[in-house]
Amino acid sequence: MTEKIVILDFGSQLTQLIGRRLREINVYCEIYPYNKIPALDENVKGVILSGSPFSVRDPKAPNPDLSAIKGKFPLLCICYGAQYIAHTCGGSVNPSLAREYGRAMLSIKSESPLFADIPQKSQVWMSHGDTIAQLPTNATVIASTDDVENAAYQIDGEQTYCVQFHPEVFHSTYGHLMLSNFALKICGCSGDWTADSFIDSCVADLKAKIGNDNVILGLSGGVDSTVAAVLLHKAIGSQLTCIFVDNGLLRKDEFSSVLASYKDMGLNVIGVEAGKRFMDALKGVSDPEQKRKAIGRTFIEVFDTEAKKIKNASWLGQGTIYPDVIESVSVNGPSSTIKSHHNVGGLPEEMNLKIVEPLRTLFKDEVRRVGRALGIKNSLISRHPFPGPGLGIRVLGEVSEEKLAILREADAIYINALRNTPAPEGWQPASGAAATGGTETGEGYLTLYDTIWQAGVILPNVKSVGVMGDERTFEYTVALRAVVSTDGMTADWVHLPYDFLAKVSNEIINKVKGVNRVCYDISSKPPATIEWE
Ligand code: XMP
């Protein structure tokens with residue numbers, strides 16, 4: 001089993017970031033709500049307490065019993081965590097008088113393994129309304145800032161370290177080194193959790209769990225379901241049957257090219273051409289939510305019919321990833337709802353299958369790294385997210401074959417141009433992306449596509465007047481969208497170069513019959529959303 005660090009979440013927005021930072025130094029970690037502390041077996045090398053929107057002085061603040069942890073495991077307490085230890089172990093926490101938000105200069109006051117190889121003065125990021133007025137019993141201050149005397153302390157005779165700042169944020173210049181000191185030097189983790197080691201242990205676990213049973217998995221063409229399928233295939237080979245449904249709302253040539261790639265990878269995949277059924281279900285429907293429901297319902301019916309043809313299947317494989325799983329703690333207490341995975345939400349209970357989710361401990365960029373380590377092609381791994389209802393929610397209003405055909409052509413021109421255009425100097429890959437230009441596997445040059453989180457064309461239900469040659473035209477407008485984001489919750493529009501936009505606009509108007517106008521969407525989320533419906 002893998003060694004790990006357990007992070008107890010007190011509801012801070014930054015808790016996932018602590019997890020990310022540890023994974024970046026190849027240390028495996030798991031996040032749990034503070035009131036669902038897991039059994040701490042010999043694989044647990046240390047524990048981290050997160051920040052929180054609460055004040056420890058609030059009667060409703062989280063107050064877990066840490067007697068099985070403090071003094072028994074190496075413990076790093078961040079922000080609320082540090083205040084909670086002070087509050088419950090003989091110290092005191094008061095509202096802070098000085099400003100304790102933003103950048104501050106940390107001065108190390110006394111030697112500590114937490115600060116190994118860190119300069120005596122360095123920048124940290126503070127974000128709290130309370131401050132530790134008096135340290136807990138047996139504690140020593142190890143660092144201060146101008147405004148905060150007890151910025152960091154440790155408990156004598158224990159491996160308990162407390163910091164009021166946030167080492168996990170980028171603005172804490174040596175924060176990553178503090179987390180690395182804690183995980184590697186203090187907890188003694190080996191830091192050998194890599195994509196390859198994940199694949200080895202995951203494949204062994206899947207073999208043990210599934211044995212000789214059969215598994216069904218729905219492929220969407222997206223990164224998560226593809227990587228989940230390849231991992232399962234590596235573990236159980238022909239016991240896995242994949243189902244890839246063509247809902248008639250995919251991009252140009254997507255069904256045939258993705259299906260061919262799946263077959264090339266040796267996957268046992270059934271391609272189901274169900275476009276007509278989806279179009280029938282969408283007939284006369286123009287409300288965005290009703291469209292989503294019609295598409296979702298039809299998907300379940302089609303998938304269920306195909307799945308029933310597979311004999312002796314007892315497992316359903318899913319591409320659920322870690323952010324879908326983590327139970328976040330809301331200000332009003334821990335939430336009991338786990339986000340349902342878009343692509344499988346609502347599969348009928350009576351299918352009576354056990355669920356297997358090989359990626360449920362991975363973040364999105366880790367799924368991509370694992371995919372690359374499995375040798376999956378860049379054209380699959382580097383794909384932008386694509387919504388389950390597909391082009392059905394990018395044709396605004398009622399969907400028709402004519403509008404879908406126009407959208408597909410325009411979208412293909414735009415996406416190909418993004419994939420084939422080198423990014424300007426200084427542009428960075430989107431979160432978790434690699435440089436894929438000019439190559440199908442491994443690294444190439446950085447393309448515009450690689451720098452974007454999600455891009456696509458929208459067909460608003462709008463026709464406008466134009467002129468082509470001597471002729472008046474009355475044709476569709478299309479809108480190009482490109483955003484950067486980390487999780488789709490917020491997004492900024494991308495400042496694509498004007499000459500690139502000019503080239504794409506020209507090509508679309510010249511080549512796509514039925515379009516005489518191209519717009520670029522310059523709205524961020526919020527207040528807009530990424531998709532238009
Ligand atoms: P919005 O439009 O809400 O989209 O800003 C955020 C992200 O979610 C995707 N999205 C969906 N994915 N089913 C899906 O599987 C849906 O109904 C759906 N709606 C939006 C969207 O593409 C973006 O990545």
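The figures here come from the full heavy-atom set of this structure, side chains too, leaving out hydrogens, waters and symmetry mates. Numbering of ligands and ligand atoms starts at 1, following listing order. Positions are given from 1 along the sequence.
Using a 4.0 Å cut-off between a side-chain N of Lys or Arg and a carboxylate O of Asp or Glu, Arg20 and Glu366 do not qualify as a salt bridge. Between Asp287 and Lys291 there is no salt bridge, since none of the side-chain N atoms of the basic residue sits less than 4.0 Å from a carboxylate O of the acidic one.
In this structure, a donor-acceptor pair under 3.5 Å is absent between the side chains of Ser50 and Ser12. Remark: the Thr194 side chain and the Asp196 side chain contain no N/O donor-acceptor pair separated by less than 3.5 Å. Looking at Trp427 and Asp450, their side chains never bring a donor and an acceptor atom within 3.5 Å of each other.
For atom 22 (O) of ligand 1, the candidate residues are His384, Glu531, Glu533; the nearest heavy-atom contact is made by Glu531.
Looking at Pro389 next to ligand 1, no N or O pair under 3.5 Å apart turns up. Checked by distance only, ligand 1 and Ile530 come closer than 3.5 Å through their nitrogen or oxygen atoms. Considering both main-chain and side-chain atoms, Gln454 comes within under 3.5 Å of ligand 1 through a nitrogen or oxygen pair. In terms of N/O distances under 3.5 Å, ligand 1 is approached by Arg292.
Proximity to Gly388 (heavy-atom distance under 4.0 Å) selects the following atoms of ligand 1: 12 (N), 13 (N), 14 (C), 15 (O). Taking a cut-off of under 4.0 Å to the non-hydrogen atoms of Trp453, the atoms of ligand 1 that pass are 24 (O). For ligand 1, the atoms closer than 4.0 angstrom to any heavy atom of Lys525 are 1 (P), 3 (O), 5 (O), 6 (C).
With sequence neighbours excluded, the residues forming a salt bridge (Lys or Arg N to Asp or Glu O under 4.0 Å) with Arg277 are Glu301, listed by chain and number. Remark: Trp125 pairs with Tyr101, His171 by the ring pair (Phe, Tyr, Trp, His ring centres under 6.0 Å) rule, at least two apart or across chains.
Ligand 1 does not have Phe386 within reach: every non-hydrogen atom of the residue lies 4.0 Å or more from it.
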